[in-house]
A.B. asks: 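First, the structure itself, so that you have it in front of you.
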Amino acid sequence: MVANADVVRTLERIADLLDIKGENPFKSRSYRLAAVQVENLSEQLTDILAREGSLDPIEGFGPAISEKMATLLTTGRSPYLEQLEAEIPPTLLEITGLPGVGPRTAATLWKEAGVTTLDDLEAACRSGRLAGLPRMGARTVEKILAACAAQRDTGGRQRRPRAGVEPLVDTLLDALRGLPATRRAEVAGSFRRGRDTVGDLDLLVATEQPHDVLVSFAALPQVERVLLRGDTKCSVVVDGLQVDCRAVAPDQFGAAWQYFTGSQAHNIRLRGIALRRGLLLNEYGVFGSDDDTRVAGATEEEVYEALGLRWIPPEQREDRGEVEAARITPVGVSSQEGSES
DNA sequence: TTAGTATT
DNA sequence: CATAATACTAAA
C-alpha cells in the first residue's frame with residue numbers, strides 16, 4: 001500500500017535530483033508544487049485513483065506527473081525516479097542537505113571532483129583538490145568542512161516536537177526582551193502557526209538598533225554556531241536547532257510578523273493578491289506600486305485589511321482556502337480592485 | 001556586481 | 001508560459 005506520504009517523498013526526491021541535474025527550474029518546481037498538493041489532501045491518493053481512474057483532477061497534477069504517480073501507486077515503484085537515481089548519485093542529496101551547499105555546488109563537486117558522498121567531500125576539501133573549481137575559494141572550503149563536522153555531530157537536521165522546543169523559545173524571547181534596544185520580541189514561523197513539529201525557530205525583534213540587537217543575539221551563551229549575521233537577519237544554531245532572528249523597525253513589525261509567520265504558500269497567495277490590487281507586499285509593509293507610499297505595516301490587522309482581508313489566525317495560514325474565506329470584498333464584483341480609495 | 005543559497 | 005519578494009556571503 002502506497003501512502004500519500006510516500007508519494008510526497010517521491011515527488012520531492014525527483015525535484016531535488018532534477019535540480020542537481022540542472023533541469024529547467026520550472027520542472028522541479030512542478031514536482032514540488034504537486035508534493036504540496038498531496039500533503040494538503042485529506043483523502044488517500046489510492047482512493048482517488050480508484051474512483052476517478054486517474055490523478056488528473058488533483059491540482060498541480062498535469063498528465064506527466066499524473067501518469068508517473070499512478071504507476072507508483074499501482075506498482076509500488078517509480079521507474080522515473082529509479083532512472084534519475086541511476087543518472088545522478090542519490091547520495092548527493094546528503095551533500096545538498098548541508099547548510100550553504102545547494103544543487104549547483106553539488107553538481108560541480110560531482111562532475112568536476114568526482115565527489116558523491118559526505119566522506120568524499122571531506123576528503124576532497126582536505127586534499128586541496130577543490131581549489132580552482134568555480135566559486136570554490138578557501139573560505140568556502142572551510143565552511144563546507146565545518147558543515148560536515150556539524151552534520152557528523154548532530155546527525156543532521158530533523159524536525160522536532162513542539163513541546164521539546166517550548167522552553168527554548170521562552171528562554172530566547174526572554175533574552176531578546178532583556179536587551180536594552182528591544183522594543184518587542186515575538187516568535188513566528190511554524191511554531192507560531194501551532195504546528196506540532198518545528199524544523200527551526202523564527203524570532204522577530206522590533207528595534208531601532210537592529211545591528212546591536214543581532215550582535216547581542218549571536219553572542220548569547222546558548223548559541224553554538226553562527227551560520228550568518230547581517231544587519232537585519234541572523235541565523236544561529238542552539239541545541240542543534242537552527243534559530244533565525246530578524247530585526248525590523250517597530251512600525252514594520254506587523255508586516256514582518258506576517259511575513260515571518262508564513263506559511264510560505266500563504267505568503268505567496270497574499271503577495272499575489274497584493275499584485276492584483278496594484279500593491280506590493282513585503283516584510284516591510286504594503287506599498288502602492290506606482291509610488292512608494294506605504295499603506296500598511298505596523299500591525300498584522302492593517303496588512304490584511306489593506307489586501308481586503310480579515311485578519312487570519314496563524315494556525316490557519318497554510319493556503320488551504322483560508323485566504324478566500326477571509327475576503328471582505330466579494331470576488332468578481334469589480335475588475336479593477338486596486339481603484340478603490 | 002553576480003552567483004548561489006537561503007527564508008517566510 | 002512559468003510563485004513573491006528579499007537577505008547574506010563569497011567569488012569574480
Side-chain angles (χ1 to χ4, degrees), chain A residues 15-16 19-20 22-37 59-60 62 95-109 130-144 146-147 157 186-193 195 198-204 210-211 214 218 226-237 242-248 252 254-277 279-287 289 297 300 303 307 312 314 317-319 323:
Chain A
D16 290 341
D19 281 339
I20 295 174
E23 265 283 5
N24 185 334
F26 290 109
K27 195 165 177 175
S28 57
R29 199 182 68 194
S30 297
Y31 283 88
R32 291 210 175 81
L33 184 64
V36 167
Q37 293 300 327
E59 222 181 313
I95 287 171
T96 50
L98 297 172
V101 183
R104 305 297 294 267
T105 307
T108 302
L109 289 167
L130 301 182
L133 260 54
R135 310 202 73 83
M136 195 54 74
R139 306 187 69 131
T140 300
V141 171
E142 277 311 307
K143 282 189 106 166
I144 291 175
R157 188 104 287 115
E186 299 289 350
V187 66
S190 57
F191 186 93
R192 184 179 178 223
R193 298 202 310 278
R195 306 314 309 260
V198 297
D200 63 9
L201 285 180
D202 304 293
L203 306 177
L204 179 64
H211 179 84
L214 293 180
V226 179
L227 296 173
L228 57 86
R229 185 177 57 75
D231 287 329
T232 69
K233 184 181 158 180
C234 177
S235 294
V236 303
V237 176
Q242 182 169 333
V243 183
D244 301 322
C245 185
R246 190 84 190 246
V248 298
Q252 300 167 339
W257 209 14
Q258 189 287 311
Y259 153 75
F260 217 23
T261 298
S263 64
Q264 180 190 43
H266 178 86
N267 288 356
I268 289 168
R269 178 75 62 187
L270 255 46
R271 289 176 181 201
I273 287 173
L275 286 180
R276 268 176 266 123
R277 290 179 163 254
L279 301 168
L280 170 73
L281 170 63
N282 59 29
E283 58 264 56
Y284 301 113
V286 183
F287 301 83
S289 58
E300 282 194 328
V303 168
L307 303 179
I312 299 173
R317 302 181 193 175
E318 302 289 348
D319 189 27
V323 174

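Everything numeric here is computed off the predicted structure, so don't read it as measured data. All chains are named by letter (A, B, ...) in the order of the sequence lines, taking the proteins before the strands, and each is independently numbered beginning at 1. Quick note: numbers below take in every heavy atom, side chains included, and nothing from hydrogens, waters or symmetry partners.
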A.B. asks: With heavy atoms under 4.0 Å as the rule, sort A/L280 into base, sugar-phosphate or nothing.
C.D. replies: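 Sugar-phosphate contact only.
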
A.B. asks: In residues 255-264 of chain A, what residues come within less than 4.0 Å of DNA chain C, judged by heavy atoms?
C.D. replies: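 Within this stretch, A/Q264 sit under 4.0 Å of the strand.
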
A.B. asks: Tell me whether A/R193 at atom CZ has more than 12 heavy atoms from other residues, nucleotides or ligands lying less than 6.0 Å away.
C.D. replies: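 Yes - once you tally the heavy atoms of other residues, nucleotides and ligands closer than 6.0 Å, there are more than 12.
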
A.B. asks: Quick one: A/R277 CZ to C/dA4 P, roughly how many Å, whole number?
C.D. replies: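 It is 17 Å, rounded to the nearest whole Å.
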
A.B. asks: Under 4.0 Å from any heavy atom of chain A: name the first and the last nucleotide of DNA chain B that qualifies, 5' to 3'.
C.D. replies: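 The footprint of chain A covers B/dT2 to B/dT8.
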
A.B. asks: Distance between the C1' atoms of B/dT7 and C/dT3, in whole angstroms?
C.D. replies: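 Result for the C1' pair: 15 Å, nearest Å.
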
A.B. asks: Can you list the residues that meet the side chain to side chain contact (heavy atoms under 4.5 Å, CB included) rule with A/D319, with sequence neighbours excluded?
C.D. replies: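 With neighbours one apart ignored, the set is A/A265, A/R269, A/E322.
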
A.B. asks: Going by side chain to side chain contact (heavy atoms under 4.5 Å, CB included), name the residues that satisfy it together with A/A255, two or more places apart in sequence or in a different chain.
C.D. replies: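 Listed in chain order: A/V303.
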
A.B. asks: With sequence neighbours left out, write down each residue that passes side chain to side chain contact (heavy atoms under 4.5 Å, CB included) with A/P210, or none if nothing qualifies.
C.D. replies: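 A/P210 satisfies side chain to side chain contact (heavy atoms under 4.5 Å, CB included) with A/T207, A/A247 once adjacent residues are dropped.
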
A.B. asks: Just call it for A/P103: base, sugar-phosphate, or nothing, with non-hydrogen atoms closer than 4.0 Å on any strand.
C.D. replies: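 Here A/P103 touches the backbone only, sparing every base.
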
A.B. asks: Regarding A/L204, tell me which of base, sugar-phosphate or nothing describes its non-hydrogen contacts under 4.0 Å with the strands shown.
C.D. replies: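 The residue A/L204 makes no contact with any strand.
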
A.B. asks: Is A/R193 touching bases, backbone alone, or none of the nucleic acid, heavy atoms closer than 4.0 Å?
C.D. replies: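 Counting heavy atoms under 4.0 Å across all strands, the contact made by A/R193 is with sugar-phosphate only.
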
A.B. asks: Between A/V286 and A/R277, is there a side-chain heavy-atom distance shorter than 4.5 Å?
C.D. replies: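 They are not in contact (no side-chain heavy atoms under 4.5 Å apart), so the answer is no.
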
A.B. asks: Applying a 4.0 Å non-hydrogen cut-off, can you work out what A/N24 is touching in the nucleic acid: base, sugar-phosphate, or nothing?
C.D. replies: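 It contacts base atoms.
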
A.B. asks: Among residues 26-37 of chain A, which contact DNA chain C at a heavy-atom distance under 4.0 Å?
C.D. replies: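 Here the set is A/F26, A/R29.
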
A.B. asks: Could you tell me whether A/E300 and A/R317 have a side-chain N and a carboxylate O separated by less than 4.0 Å?
C.D. replies: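 Here A/E300 pairs with A/R317 in a salt bridge, since their nearest N and O are under 4.0 Å apart.
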
A.B. asks: Return a single string for nucleotides 7-12 of chain C, one symbol per nucleotide in 5' to 3' order, where B is base contact, S is sugar-phosphate-only contact and - is none, cutoff 4.0 angstrom on heavy atoms.
C.D. replies: SSSBBS

A.B. asks: With a 4.0 Å cutoff (strictly under), does any side-chain N or O of A/N267 reach OP1 or OP2 of C/dA4?
C.D. replies: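 Negative; the distance criterion is not met.
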
A.B. asks: Who pairs with A/R29 by salt bridge (charged side-chain N to carboxylate O under 4.0 Å, His left out), at least two apart in sequence or on another chain?
C.D. replies: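 Result, salt bridge (charged side-chain N to carboxylate O under 4.0 Å, His left out) vs A/R29: none returned.
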
A.B. asks: Any donor-acceptor pair under 3.5 Å linking the side chain of A/T261 with the backbone of A/A188?
C.D. replies: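 Absent.
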
A.B. asks: Which residues pass the salt bridge (charged side-chain N to carboxylate O under 4.0 Å, His left out) test with A/D244, sequence neighbours left out?
C.D. replies: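 Salt bridge (charged side-chain N to carboxylate O under 4.0 Å, His left out) list for A/D244, sorted by chain: empty.
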
A.B. asks: Please tabulate, for side-chain N and O atoms in residues 96-109 of chain A, each donor-acceptor pair with protein atoms closer than 3.5 Å (sequence neighbours left out).
C.D. replies:
from   : atom 1 : to     : atom 2 : distance (Å)
A/T96  : OG1    : A/L93  : O      : 3.0
A/T108 : OG1    : A/R104 : O      : 3.0

A.B. asks: Please name all residues satisfying salt bridge (charged side-chain N to carboxylate O under 4.0 Å, His left out) with A/E23, sequence neighbours left out, ordered by chain then number.
C.D. replies: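 Checked A/E23 against salt bridge (charged side-chain N to carboxylate O under 4.0 Å, His left out); matches are A/K27.
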
A.B. asks: Indicate yes or no for a side-chain donor-acceptor contact from A/W257 to the backbone of A/V187 under 3.5 Å, with no hydrogens or angles considered.
C.D. replies: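 Flag set: sc A/W257 to bb A/V187 pair under 3.5 Å.
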
A.B. asks: Please list, chain by chain and in numerical order, all residues satisfying side chain to side chain contact (heavy atoms under 4.5 Å, CB included) with A/N282, sequence neighbours excluded.
C.D. replies: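 With neighbours one apart ignored, the set is A/R271, A/L280, A/Y284, A/F287.
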
